[in-house]
Number of protein chains: 2
Amino acid sequence: MNTGTEAPRRTRIQQEKRELILEAALEVFSTNGFRGSTIDQIAEAAGMSKPNLLYYFRRKEDIHETLMQRLLDTWLAPLRELDDIGDPMTELRSYIRRKLEMARDFPRESRLFANEILQGAPRIMPLLAGELKTLVDEKAGVIKGWMRAGKIARTDPWHLIFSIWATTQHYADFDVQVRAVLGPNRGGDGRFEDAARFLEQLFLEGLKPKA
Amino acid sequence: MNTGTEAPRRTRIQQEKRELILEAALEVFSTNGFRGSTIDQIAEAAGMSKPNLLYYFRRKEDIHETLMQRLLDTWLAPLRELDDIGDPMTELRSYIRRKLEMARDFPRESRLFANEILQGAPRIMPLLAGELKTLVDEKAGVIKGWMRAGKIARTDPWHLIFSIWATTQHYADFDVQVRAVLGPNRGGDGRFEDAARFLEQLFLEGLKPKA
DNA sequence: CAAATTTTTGACCGATTGGACAAACGTTAG
DNA sequence: CTAACGTTTGTCCAATCGGTCAAAAATTTG
């Protein structure tokens with residue numbers, strides 16, 4: 001009884017199957033990229049036939065778009081939590097730690113974004129120049145405040161944020177390389193603790209205010 | 001007059017055309033990934049017909065493989081130059097600078113590798129666990145020596161190398177995002193100088209030996 | 001129950017893919 | 001010139017792609 005103007009009302013089955021498909025699509029898209037993934041692959045991973053999948057998402061792009069929109073909020077949550085009220089060094093430390101935990105616990109989400117950005121972000125460019133830029137600019141302002149107050153060393157807040165993104169996401173996006181280089185011993189489950197220890201030292205020492 | 005056992009002897013035309021194809025393939029592969037790229041795209045970018053291209057490279061994978069093998073050396077050259085004899089801080093500074101210059105001057109090469117690693121490195125895994133691991137282990141030893149000599153702060157040399165890779169390559173692989181966030185003013189040509197200044201501060205301060 | 005609706009499937013379609021192939025064309029050596 | 005060789009192209013192919021459609025099956029509703 002959809003009049004066409006209101007938000008789609010979904011049945012229980014539709015809810016469940018759509019979740020199933022999105023979960024499968026996350027797996028497939030994150031390892032093959034958008035163009036490298038096929039509807040058949042996603043359908044098989046979701047345990048259903050291709051026409052059945054297309055009953056829930058009419059086009060391949062719709063799946064990807066839905067995934068992206070849902071994930072962006074999750075992905076930016078740690079930065080949103082970066083707060084003006086706490087101690088700067090403590091805030092930065094927990095931001096780095098949270099980002100690294102996300103790389104460990106949600107590597108597929110990280111790779112999905114990486115794939116998209118790598119290929120020129122054809123489908124999420126507006127979000128980058130809009131929502132993302134706004135958020136980063138705001139947080140850069142917070143960091144600048146800390147610098148003016150002499151709480152942390154003076155540097156470029158934007159590039160500071162970039163470097164935190166780069167170093168933490170590296171452990172999700174380049175996981176294969178990290179493990180290959182570290183080898184079976186150092187590359188085991190402990191690698192995230194090692195990374196956390198290193199990054200904390202690097203950033204906290206590197207940002208200590210000059211006396 | 002190829003006897004079949006010796007290295008392929010190539011005519012002048014073969015040399016030139018193969019270079020043309022590899023240049024075109026670098027452009028296409030680095031922006032679409034392997035599976036997302038088509039032989040037709042590469043052929044068109046190289047200004048020739050598809051059967052003509054297949055005369056020089058019999059399979060799509062051969063082009064990719066040749067590209068990878070050629071580029072790995074270039075890509076690792078800065079790390080190879082990291083030398084035991086110079087001043088540690090100076091050596092690290094120029095390593096970071098060289099890596100950042102490569103991100104600026106050869107972004108396609110960086111994206112090609114990123115694409116490959118992101119998708120599980122199906123075609124270059126042996127190189128990672130072999131040649132790459134050997135080189136990194138060796139340089140980690142050099143860095144460890146500096147630490148023992150009290151020239152730089154004690155940390156994990158492997159993760160130090162990872163973080164330098166991550167932060168510098170970020171400016172090639174995530175260039176679209178970097179420019180979108182920085183905006184037209186800060187994201188102009190000067191962004192690499194800003195990045196260089198920031199990274200130098202971060203790493204050199206973060207690695208200062210404790211007194 | 002039965003009717004209406006939602007879900008699932010097999011068969012199919014045109015477009016695109018990587019690649020094969022023989023014929024045509026160009027070049028060079030004798 | 002001519003024969004041999006290297007290069008280029010048009011045509012074709014089987015496989016795979018994203019997506020359609022009608023009909024069957026399952027579920028919900030009255």
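Every chain is numbered from 1, with letters handed out A, B, ... down the list of sequences. Owing to the predicted nature of the structure, the values given are computational and were not obtained by experimental measurement.
Distances from the side chain of B:K60 to the nucleotides D:dT9, D:dC17, C:dG19 place C:dG19 closest. Out of C:dA11, C:dT6, D:dC17, the shortest distance to the side chain of A:P51 is found at C:dA11. Checking D:dG18, C:dT8, D:dT7 against every side-chain atom of B:Q14, the shortest atom distance belongs to D:dT7. Distances were taken from every side-chain heavy atom of A:R35 (C-beta onward) to each of D:dT11, C:dT17, C:dG18; the shortest belongs to C:dT17. Relative to the side chain of A:I39, the nucleotides C:dG18, D:dG19, D:dT9 differ in distance, and D:dG19 lies closest.
At whole-Å resolution of the value, CG in B:D62 and P in C:dG18 are 14 Å apart. In this entry the distance linking CD of A:Q41 with C1' of D:dG18 reads 13 Å, nearest Å. Atom CG in A:L53 sits roughly 13 Å away from atom P in D:dT20 (whole-Å rounding). One atom, CG of B:N52, and another, P of C:dC21, lie 17 Å apart when rounded to the nearest Å. Atom P of nucleotide C:dT27 and atom OH of B:Y55 are separated by 14 Å, given to the nearest angstrom. B:E44 has its CD atom 13 Å from the P atom of C:dT16, to the nearest Å.
Counting non-hydrogen atoms of neighbouring residues, nucleotides and ligands closer than 6.0 angstrom, the CD atom of B:E44 reaches no more than 12 such neighbours.
B:Y56 comes within contact range of the sugar-phosphate backbone alone, with a heavy-atom separation under 4.0 Å but no base atom that close. Residue contacts shown for B:L54 include a base, since a base heavy atom lies under 4.0 Å away.
Here A:R111 does not pair with A:D173 in a salt bridge; the nearest charged N to carboxylate O distance is not below 4.0 Å. The existence of a salt bridge linking A:E91 and A:R97 is excluded, since no basic side-chain nitrogen approaches an acidic carboxylate oxygen closer than 4.0 Å. Under 4.0 Å is where a charged nitrogen must lie from a carboxylate oxygen, and between B:R70 and B:E65 no such pair does.
The distance between the ring centers of B:Y171 and A:H159 falls below 6.0 angstrom.
With A:E81 as the fixed residue, the salt bridge (charged side-chain N to carboxylate O under 4.0 Å, His left out) test singles out one of A:K99, A:R98, A:K139: A:R98. Tested against B:E109 for a side-chain contact (heavy atoms from CB on, under 4.5 Å), the candidates B:L72, B:T74, B:L26, B:L67 yield a single pass: B:L26.
Between D:dT8 and B:S49, no contact under 4.0 Å exists linking OP1 or OP2 to a side-chain N or O.
Residues from residues 16-34 of chain B with heavy atoms under 4.0 angstrom of DNA chain C: there are none.
Comparing A:D40 and A:R58 against DNA chain D, the residue whose closest nucleotide sits nearer the 5' end is A:D40.
In this model, a side-chain donor or acceptor of B:K50 finds a partner on the base of C:dG19 within 3.5 Å.
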